[in-house]
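In what follows, a structure is listed as C-alpha cells, so that the remarks can point back to it.
Numbers restart at 1 for each chain; the letters A, B, ... are given by sequence-line order, proteins then strands. Note that the structure is a prediction, hence the values are computed from the model and not measured.
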Number of protein chains: 2
Amino acid sequence: MSRLGPLRCGAWATLLGQLLRPPRVVCIRAVGCHSQVAQAVLTSQLKPHQEKQNFIIKVPKGTRDLSPQQMVVREKILDKIISCFKRHGAKGLDTPAFELTEILTEKNEDNFSLMYDLKDQGGELLSLRYDLTVPFARYLAMNKLKGMKRYQVGKVWRRESPTIAQGRYREFCQCDFDIAGEFDPMIPDAECLKIMCEILSGLQLGDFLIKVNDRRVVDGMFAVCGVPEGKFRTICTSMDKLDKMSWEDVRHEMVAEKGLAPEVADRIGDYIQCHGGISLLEDLSRDPRLSQSQLALQGLEDLKLLFEYLTLFGIAEKISFDLSLARGLDYYTGVIYEAVLLQSPGQAGKEALDVGSVAAGGRYDGLVAQFDPKGHNVPCVGLSIGVERIFHLVEQRMKASGEKVRTTETQVFVATPQKNFLRERLKIIAELWDAGIKAEMLYKNNPKLLTQIHYCEKAYIPLMVIIGEQEQNEGVVKLRSVASREEMTVNRESLVPEIQKRLSLS
Amino acid sequence: MSRLGPLRCGAWATLLGQLLRPPRVVCIRAVGCHSQVAQAVLTSQLKPHQEKQNFIIKVPKGTRDLSPQQMVVREKILDKIISCFKRHGAKGLDTPAFELTEILTEKNEDNFSLMYDLKDQGGELLSLRYDLTVPFARYLAMNKLKGMKRYQVGKVWRRESPTIAQGRYREFCQCDFDIAGEFDPMIPDAECLKIMCEILSGLQLGDFLIKVNDRRVVDGMFAVCGVPEGKFRTICTSMDKLDKMSWEDVRHEMVAEKGLAPEVADRIGDYIQCHGGISLLEDLSRDPRLSQSQLALQGLEDLKLLFEYLTLFGIAEKISFDLSLARGLDYYTGVIYEAVLLQSPGQAGKEALDVGSVAAGGRYDGLVAQFDPKGHNVPCVGLSIGVERIFHLVEQRMKASGEKVRTTETQVFVATPQKNFLRERLKIIAELWDAGIKAEMLYKNNPKLLTQIHYCEKAYIPLMVIIGEQEQNEGVVKLRSVASREEMTVNRESLVPEIQKRLSLS
C-alpha cells in the first residue's frame, strides 16, 4: 500500500537481524525536567558495523506528549471552545503546518529567529507557522475572498525559551476565531469580546478581565508624547512587556536601550496608568495633549461605540479600557484586547492578582492586502485562545480536587470465569461492537475472573457480560453491574437489547 | 500577552507605514494545479527601501488548505473512525509534530530523503514525523509502559512526489490504532482486522477486501526460493510495488537492478500468485519447498489461528490470505495487512478492480526495544487509516450526487426590516448566545430585509427572529421559518424557550 507504507528506507533494514541481540546499556538517568518524563540514554543498535551512538530518548525541547489523561482534559477544553465558535456561526478551516518562508516573513530577516525553518532539501523554502492569523490572511487573499467568519484549531510553533512550569511550550495549540469583511464599525469587534467572555465563563477558570485598547490610541499617544515616528513599533514592543516587567524596567529599556528621551518616557508613563470605562474614554477625548492626535481621537470614538455594544451584550463590567495594553504583534491596526485571569477574586484585603493572559486578539485591517496581488484590502478582527495555559490551570484544579478522569469510554466488558471460553467471548464481543456498543475483553486465552473484574474497576467499566459453561448450556449470559456487583441472567439472544436498555437508562 | 503575541519581529514593523500605498502588481496568473486554488504573483511591499521581491502566493508543494466544505466532510470521516477506535476501548494520545532526528532514523542515512528535516538553528536536530507508529513506540519506551491500547489522529509529512489527483499529499492525516503488550497469539491482531472492517463498512465506501500475509511467511518464502539473506528487505521492497507495477516489471527490478538470479525470481513469482483462505494455508503448510522453513510454518500456523478468530468475528469473507503482500515498512515482524477498495462490486462480466488501498498495518514486535534502554520488548500490532484517500472518494461521491453541505450550524438569524434596530438585535442575539442557541446577524447598522433573508437561505439557517418598530412597541418578536416562510408572533420574554422548543422538535 503506497500511501501508508512507501518509506523505502534503509534505516530499519538492519533491525530484524538485530532483534535477537540485547542492546548494550550504557547508563540510565532520570533527568529532572518539568514534564517528569523518563529519559534514558541507550546504545543505538541501528548501526552494528559502525561505531555505537548514544542518544537520549526524549521529546524535543519545549514540546511534550499528551497522555490519555491529558487528552481527555484537552478535548473537553477544545469542545467548549469550538462549540462557542460554532454558536457564533463560524466555519472551520485547515491550513498546512508549514508555509512558504517568504509568506511568513521577509527573506534574510534575522528577527524571525523565533520561527522554525525547514532544512533546504531542494524545492521551496518552508517554515512552520507561528500563528494561525497569517495563514488565514494568506488563504483569504489566495482565494480572493471578501469576507469569512472562520475558526481554526491547530498547533503552532515558536522557538522561544520554553517555561513549561507556566504552560509555555515551543509547540502549542491555538484556537482562533476571526471575522473578515467590510462591516459597520465595532460590531464584529464587540462579538469577538463576547466570545472571549463566553469561553472564559464556560471554562470556569475563575474571575477574569479583558483589557482593551486601540492601536490608534497607542500611536496617537506616542505621537503627542514625542516619540519619533520611526520608534513607534519598538517602543510598542517595550510597552508590551508591562505584563512581565515593572514600569521602571520598561522605562529603562525605552530610555537606555531604545534611546527615548526620559521626559518622553515619563509622559507615556503618565498615560499608561489609566484604565477604566466609558468615562475615561470621555476624559481622554478632552485631554489637551491626546486630543491633538486625530488618530487617537478616532480610536477613542470607536472604543466608545464598542463599550456601548458591550453594554448591550451585558459584558461591559468584564472589560477594562487600559492604556498600558500594547500587544506584541505588529499587524494590529485598531482595537486590541487581552484576557487575564484574576486570582482570589473578591477576597477582601487582597488585591486581585494577574495570573497571566489566556486569550488575546485585535483588528488587523492591512494584513490581507499584503498578500493580495491587487492590494485589495479585507479588514479583519479576531481572537486567539491559548489552550496550553488554560489546560495547565484546569489540570492543576483537577489534581487539587482529586477528580478522576476516564480515559476510555468502554461500556461493557466480556468476561469468563472458566477456561476455554475465548471463542464464545469473541463471538459475543463482535455482536456488541456490531451493535455500536463500546466493549473490551482481555487478550488472553484463559484470564482469571478476578483479573477481569479488577480491569473493569480500574477502567470504570460499568457492565460485565459473563459467559461460562453453565450459561452456555442454558443459552444465557450473566450481566453484572461492576459497581453494585448485582448479577442478572439474560437470554443470549436478548443480550444486545438488554444492554442497550441498561445503557440508555444510566 | 506573552503566549499569544510575543513575536518581537521586525518583519511587520514597516507594514503600517505601507498600508496607504497600493502595492504594484507585476502580473497575475492562474496556475493549472489540481487543487484549483488561485495563485498570483505580487510585488512584495515589505521592503520599501530595498529591491522589490516577487513571490507567488500559494501553499507549499504537496499540501493544501481544507475549505469549510471540505472540513465538514473530513470531520464526518474522522468522527466515524474515532468512534470506532473508542468502541474498541482505545485511549487517545498526542505526540509532537517533530521528533529528534536520531529517533526517527540514523544520522547520515541518506535513504531518509523522504523525511522533512528542520533547519539546524542551534540546539537539537529535529525532523517532522513521517508516521505515528515510531512516535508511539518512542512514547512506550520513554514511559516504560508494558502495554497500551491507544489511538492517535494527526498529520504526518513525507517528501514524496505528490499525486494530488489520487489524493496523495506530502502533508496528510493518519488515524492509527495500536495494541501494545504481551498477549496470547492473534487475539489483538484479529481485533485490528475487525476494526478495519467496521470502519470501511461504516464509511460506505463500497466493497472492500483486506489482504493478509505474515512477514515470517514472506521471509521463509524468500529463504526457500533462494534469496540471499542480505537481500530480504530490498526484495521485499520490490514486492511491495506489486500494487502499482506488473509482476514482469517487479521481476525485472529484482533481477536486473537487485541482482537476483532469474530462477529465484521465478520461484517467488509462483508463490505470489497464491491467494485464498484457510484451505490455502493448509496447502502451503504441506508445500514441500515452503515447509522447509520453520519461520514460514510458524507464520502459517498463526495465520490459521487468525482466520479462526476472523470467522468468529464474522469477517472471514472480507479477508484474503495473499502471498504477494509485502508492505513497505521494515519494522513489521508478523502479520501484515492492507485494505483495498473494490470497484464495481458484483457487476457481472467485470472483474473487481483494485482502486487502491485505504488502510494498512501489521505486527511490529521489535520496534519498542529499539528505544528502550534495557532493550525490553513490547510486542505491538496496529493499523493506520489513510484519511486523504477516503476523503477523496467521499468528496467525489458527494460531488456526483450534488449533495449540499452546511458549513455552519447556525440555528437562528436575528433580523430587522427597519433602520435603527441594531441595538435591539444585539440585545436579542446576546440572549440567544447566552442560552446556548447558535445565532447570527449581519454586521451592518441597517441591513435590508431581503439581504438578511437571502443570507439565511444560502446558509440553510432554519429560523429567523425579526424585530421591528411594531414588534418593539408590542413587546413581541416575529419568529419566521425560513423554509415555509410561516411567521408567528412570540412574546419577547418567551423567545428563548419558544426557540428551544422549536429546535428540539426539528
| message | Evaluate Glu440(B) against Lys149(A) for salt bridge (Lys or Arg N to Asp or Glu O under 4.0 Å), listing each step before the verdict. | response | CA-CA 11 Å; Glu440(B) 282 188 83; Lys149(A) 187 155 57 175; 2.9 Å; yes
| query | What part of Ala90(B) is in contact with chain A, defined as an atom under 4.5 angstrom from a non-hydrogen atom: side chain, backbone, both or neither? | reply | backbone
| message | Do Asp94(A) and Asp65(B) have side chains that approach each other closer than 4.5 Å (heavy atoms only, starting at C-beta)? | response | no
| Between Glu75(A), Lys427(A), Met441(A), Glu191(A), which residue shows the highest count of heavy-atom pairs closer than 4.5 Å to chain B? | Glu191(A)
| request: Counting only heavy atoms closer than 4.5 Å, note whether Gln70(B) contacts chain A via side chain, backbone, both or neither. | output: neither
| task | Select, from Gly436(A), Ser83(A), Ala459(A), the one with the greatest count of heavy-atom pairs under 4.5 Å involving chain B. | result | Gly436(A)
| message | If you apply the rule side chain to side chain contact (heavy atoms under 4.5 Å, CB included), what do you find for Met142(A) with Val59(B), and how did you get there? | response | CA-CA 9 Å; Met142(A) 195 170 102; Val59(B) 292; 4.1 Å; yes
| field | Results of ring-ring contact (aromatic ring centres under 6.0 Å, His included) for Tyr443(B) - residues two or more places apart only | value | Phe183(A)
| field | Which atoms of Arg74(B) approach chain A - backbone, side chain, both or neither, heavy atom under 4.5 Å | value | side chain
| said: Using side-chain heavy atoms (C-beta onward) and a distance below 4.5 Å, is Arg423(A) in contact with Glu308(B)? | reply: yes
| task | Tell me, for Leu126(B) versus chain A, whether the close heavy atoms (under 4.5 Å) come from the side chain, the backbone, both or neither. | result | side chain
| note | Interface check, chain B: of Pro96(A), Gly92(A), Ala430(A), most non-hydrogen pairs under 4.5 Å belong to Pro96(A)
| query | Roughly how far, to the nearest 0.5 Å, is the CG atom of Leu100(A) from the NZ atom of Lys61(B)? | reply | 12.5 Å
| task | Go through the structure and list residues passing ring-ring contact (aromatic ring centres under 6.0 Å, His included) with Phe313(A), not counting sequence neighbours. | result | Trp433(B)
| Does some side-chain heavy atom of Thr95(A) sit less than 4.5 Å from a side-chain heavy atom of Arg64(B)? | no
| query | Just wondering, do Arg138(B) and Ile57(A) contact through their side chains at under 4.5 Å, heavy atoms? | reply | yes
| query | Looking at CG of Leu128(A) and OH of Tyr116(B), how far apart are the two atoms once the value is rounded to the nearest 0.5 Å? | reply | 11.0 Å
| note | When the 4.5 angstrom heavy-atom criterion is applied to Glu229(B) and chain A, the contacting part is neither
| What pair of heavy atoms forms the shortest contact from Pro60(B) to Phe98(A), and how long is it? | CG-O, 3.4 Å
| said: Checking the side chain of Arg159(A) only, and the main-chain atoms of Gln121(B) only, is there a donor and an acceptor separated by less than 3.5 Å? | reply: yes
| task | Quick one: pull up CG in Leu93(B) and CE in Met71(A) and give me the separation to the nearest 0.5 Å. | result | 7.0 Å
| task | Give the member of Ile437(B), Asn446(B), Thr410(B), Thr407(B) that has the highest number of heavy-atom pairs under 4.5 Å with chain A. | result | Thr407(B)
| query | Can you tell if the side chain of Asp434(A) reaches within under 4.5 Å of the side chain of Lys194(B), non-hydrogen atoms only? | reply | yes
| field | Which atoms of Leu422(B) approach chain A - backbone, side chain, both or neither, heavy atom under 4.5 Å | value | side chain
| Side chains of Ile187(B) and Asn445(A): closer than 4.5 Å at any heavy-atom pair? | yes
| message | Can you tell me which portion of Lys444(A) sits under 4.5 Å from chain B's heavy atoms? Options are side chain, backbone, both or neither. | response | both
| When only pairs under 4.5 Å are counted, which of Thr234(A), Thr408(A), Leu426(A), Ile179(A) shares the most heavy-atom pairs with chain B? | Leu426(A)
| field | Residue Lys86(B) versus chain A: region with a heavy atom under 4.5 Å | value | both
| said: Are Glu124(B) and Lys58(A) packed together at the side-chain level, in the sense that at least one heavy-atom pair is separated by less than 4.5 angstrom? | reply: yes
| field | Within-4.5 Å side-chain heavy-atom neighbours: Met148(B) and Pro68(A) | value | yes
| message | Counting heavy-atom pairs closer than 4.5 Å to chain A, which one of Leu442(B), Leu312(B), Asn377(B) comes out on top? | response | Leu312(B)
| request: Please round to the nearest 0.5 Å and tell me the distance separating atom NZ of Lys438(A) and atom NE2 of His88(B). | output: 12.0 Å
| When heavy-atom pairs shorter than 4.5 Å are enumerated against chain B, which of Arg150(A), Lys155(A), Glu99(A) gives the highest number? | Lys155(A)
